[in-house]
Amino acid sequence: MSVRGPMAASTSAATGAPLLTLTGATVRFGDVTALRDIDLALARGERLALVGANGAGKTTLLRLLHGFVRHEGARTLHGAPPSVVMVFQRPFMLRLTVRANLRLALALRGVPGPERARRADAALARVGLAEVGARLATTLSGGQQQRLALARAWALRPDLLLLDEPTASLDPGAKRDVESLIERIADDGVTVVMSTHNLGQAKRLARRMAYLDAGRLLVDLPVERFFNDPLPEAAAHFLKGELVWH
Ligand code: ATP
């Protein structure tokens, strides 16, 4: 049991039906406890940003939500298992064309052939990459690769999109492009959970904020309250810290 629970809103920030709940979830890697006794309820349509210092457990929490990490406690799905896609800071691209990278991802998810081509082209057009469809994906710029990763995620039509510092290595222009894509994906009704070191970005994109400190979920609040309410000292200190705001 945790020493004390997170500072949480009395009414849930949930916007839809329950999707996934973590109850007393703990993740250990050998001697390291990456997450401690996490309680988190995620509803469909939410936009949750995870913030916290390096090593606080953000990536591990994303992986746990994905279902790819051994844990103690419960990870409960509500209804049919959701389709989940995770996008990383540096997207993984095969040495294939942009279009082939997309089609392959769709093939691996069992999307039939003609549908694959249609969805891949629509996704490329949506992210503004239609003109580079025949280029090798590995030759795209960092910003273009991240847009391609989001196109791939979008084409897979996930219920839950997990983003691990999706703009960390991008210049301001590319960052804006990726943010606006994330916004459009969320507007499509996809539940989005993202980690970020950029509080301005969290404020722009999220409706709910969770602050992790050494593996504990210390604060879990709607975004306006996170930035306006008095927070526990560690979180307040973090907010005043050296984090990026733009
Ligand atoms: P950052 O902001 O630096 O990305 P984070 O908040 O995402 O950090 P995690 O990557 O989740 O933090 O790591 C949480 C803790 O778990 C850290 O102490 C990390 O070293 C440890 N950890 C994470 N993955 C592993 C692993 N596969 N094996 C051992 N330790 C791990």
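First listed ligand is number 1; within each ligand, the first listed atom is number 1. Predicted model only: the values in this text are computed from it and were never measured.
- Under a 4.0 Å criterion applied to the non-hydrogen atoms of Val32, ligand 1 contributes the atoms 16 (O), 18 (O), 21 (C).
- Regarding atom 8 (O) of ligand 1, its nearest protein heavy-atom neighbour is Gly55 N, 2.8 Å.
- Side-chain N/O atoms of Ser195 and Asp164 include a donor and acceptor closer than 3.5 Å.
- Distance from atom 31 (C) of ligand 1 to its nearest protein heavy atom, with residue and atom name: Phe29 CD1, 3.3 Å.
- Residue contacts with ligand 1 include Ala53, since one or more of its heavy atoms lies under 4.0 Å from the ligand.
- Close approach to Thr59 involves these atoms of ligand 1, each under 4.0 Å from a residue heavy atom: 4 (O), 5 (P), 7 (O), 10 (O), 11 (O).
- Among all non-hydrogen protein atoms, the one lying nearest atom 4 (O) of ligand 1 is Glu165 OE2, 3.4 Å.
- Using a 4.5 Å heavy-atom threshold, the side chains of Arg176 and Arg204 count as separate.
- Interface of Lys58 with ligand 1, defined as ligand atoms under 4.0 Å from a residue heavy atom, comprises 1 (P), 2 (O), 5 (P), 6 (O), 7 (O), 8 (O), 11 (O), 12 (O).
- Side chains of Thr196 and Gln201: a donor-acceptor N/O pair is present below 3.5 angstrom, by distance only.
- At a threshold of 4.5 Å between non-hydrogen side-chain atoms, the residues Leu217 and Asp39 do not count as touching.
- Not a single donor-acceptor pair under 3.5 Å links the side chain of Lys240 to the backbone N or O of Ala235.
- For Glu46 and Arg208, the salt-bridge test passes: some basic side-chain N is under 4.0 Å from an acidic carboxylate O.
- Some N or O of Ala56 is nearer than 3.5 Å to an N or O of ligand 1, by distance alone.
- Between the side chains of Thr26 and His71, no donor N or O sits under 3.5 Å from an acceptor N or O.
- The proximity of Thr60 to ligand 1, defined as any non-hydrogen pair under 4.0 Å, involves the side chain as well as the backbone.
- Within the structure, ligand 1 has Gly57 among the residues with a heavy atom less than 4.0 angstrom away.
- Looking at Leu42 and Leu48, their side chains come closer than 4.5 Å, going by heavy atoms from C-beta outward.
- Close approach of ligand 1 to His197 (heavy-atom distance below 4.0 Å) involves ligand atoms 2 (O).
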